[in-house]
Amino acid sequence: MPHIARKRFGQNFLHDVGVIQHIVSLVGPEPGQHVVEIGPGKGALTQYLLKETGALDVIELDRDLIPLLERTCAGLGELHIHSADVLRFDFASLATDGRPLRLVGNLPYNISTPLLFHVLEKVRCVQDMHFMLQKEVVQRMAATPGDPDYGRLSVMVQYYCYVDPLFLVGPDAFSPAPKVESMVVRLVPHIEPRVQVTSTTRFAALVKQAFSQRRKTLRNTLKGLLSEDQIRAQGIDPSLRAETLTLEQFARLSNALT
Ligand code: SAM
């Protein structure tokens, strides 16, 4: 029976061979590397990744796709299929032999933001990530202070990673075609953090709170966390909005939390 794409699983399968090969060439997988693909689907990217590395871990939620995936990849190498929800998947459980993970995926767009936050939690065992996402999500990840797209996602992703938007992909590269444009992005975790933060939990909580009401000033959004005087003591004007603050200023505010 042919597989019918499921909207609830964000299924837009890549069929443009030029785009597929371009992604694989930018990843540059090599034998012996520990590559992990999120949402392999029917194996559009998987077959090329597997051919290069000889072994691959994949995480797929839709069990009906597994036989198709196995067929596409038969004879190409060792395919380790994890039939699981990536949002609950512990990436650290794969990184047990000391090799850092290289994550790749044409991601299900309906869960892209929670998925990015989930991956960031385990970023210490990751070498790099190449993801296809909705164009707007990549723009938000790469945005800088003052940009209309700058927000919690920009600050948190940039705290952990260098963000490199690679190329745009139109809807025609997929089947079914999504209603949005897509973009491939490379994320490379910083070896040394760009800013010093005494607690990443407190940093994440402060950033979340600061952007909880975008139009409001820090004086209002951070009420309960930091007083106006405490904000000022960090050299930051309490009448500013979160969308104008640099990563370094967020770090300073979060380090002032007790
Ligand atoms: N990689 C394939 C391609 O490029 O043709 C499929 C990409 S499709 C945009 C997203 C894939 O992620 C689908 O195979 C879908 O079933 C899978 N998926 C959706 N939600 C998932 C989840 N929570 N955990 C793991 N896989 C998921």
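Whatever order the structure lists them in is the order used to number ligands and atoms, beginning at 1. Start at 1 with the first residue, then count along the sequence.
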Query raised in the report: Do Lys42 and Phe13 meet the cation-pi criteria used here (NZ or CZ under 6.0 Å from the six-membered ring centre, within 45° of the axis)?
Result: yes

Requested in this report: Between Met132 and ligand 1, find which residue part has any heavy-atom pair under 4.0 Å and reply side chain, backbone, both or neither.
Outcome: neither

Query raised in the report: Based purely on interatomic distance, does Leu107 place a nitrogen or oxygen under 3.5 Å from a nitrogen or oxygen of ligand 1?
Result: no

Query raised in the report: Does an N or O from Asn12, backbone or side chain, lie closer than 3.5 Å to an N or O of ligand 1?
Result: no

Requested in this report: Provide, to 0.1 Å, the distance between atom 16 (O) of ligand 1 and the closest protein heavy atom, together with that atom's residue and name.
Outcome: Glu60 OE2, 2.5 Å

Report task. Would you mind running through ligand 1 and noting each atom that sits below 4.0 Å from a heavy atom of Phe13? Result -> 5 (O), 6 (C)

Query raised in the report: Does some non-hydrogen atom of Arg6 fall short of 4.0 Å from ligand 1?
Result: no

Query - Identity and distance of the protein heavy atom lying nearest atom 4 (O) of ligand 1 - result: Asn106 ND2, 2.9 Å

Query raised in the report: Would Gly43 count as a contact of ligand 1 if the rule is a heavy atom under 4.0 Å away?
Result: no

**Report entry** Any N/O pair Asp62/ligand 1 closer than 3.5 Å
**Finding:** no

**Report entry** Test of proximity, Leu61 against ligand 1: N or O pairs below 3.5 Å
**Finding:** yes

Query - Non-hydrogen atom of Asp85 closer than 4.0 Å to ligand 1 - result: yes

Query raised in the report: Any N or O on Gly10 sitting closer than 3.5 Å to an N or O of ligand 1?
Result: no

Report task. Take every heavy atom of Ile20, measure it against each atom of ligand 1, and state whether any distance is under 4.0 Å. Result -> no

**Report entry** atom 11 (C) of ligand 1: the protein heavy-atom neighbour that sits closest, reported with distance to 0.1 Å
**Finding:** Gly39 O, 3.5 Å

Query raised in the report: Quick check: does Leu65 get an N/O under 3.5 Å from an N/O on ligand 1?
Result: no

Report summary line: Per-atom filter on ligand 1: closer than 4.0 angstrom to a heavy atom of Val86 are 22 (C), 23 (N), 24 (N), 25 (C)

Query raised in the report: Taking only heavy atoms of Glu37, which atoms of ligand 1 are found under 4.0 Å from at least one of them?
Result: 1 (N)

Requested in this report: Determine, using ring centers only, whether Phe203 and Tyr159 are less than 6.0 Å apart.
Outcome: yes

Query raised in the report: Looking only at protein heavy atoms, which one is nearest to atom 20 (N) of ligand 1, and how far off is it?
Result: Pro108 CG, 3.6 Å

Query raised in the report: Within 45° of the axis and under 6.0 Å from the centre of the six-membered ring of Tyr160, does NZ or CZ of Arg124 qualify?
Result: no

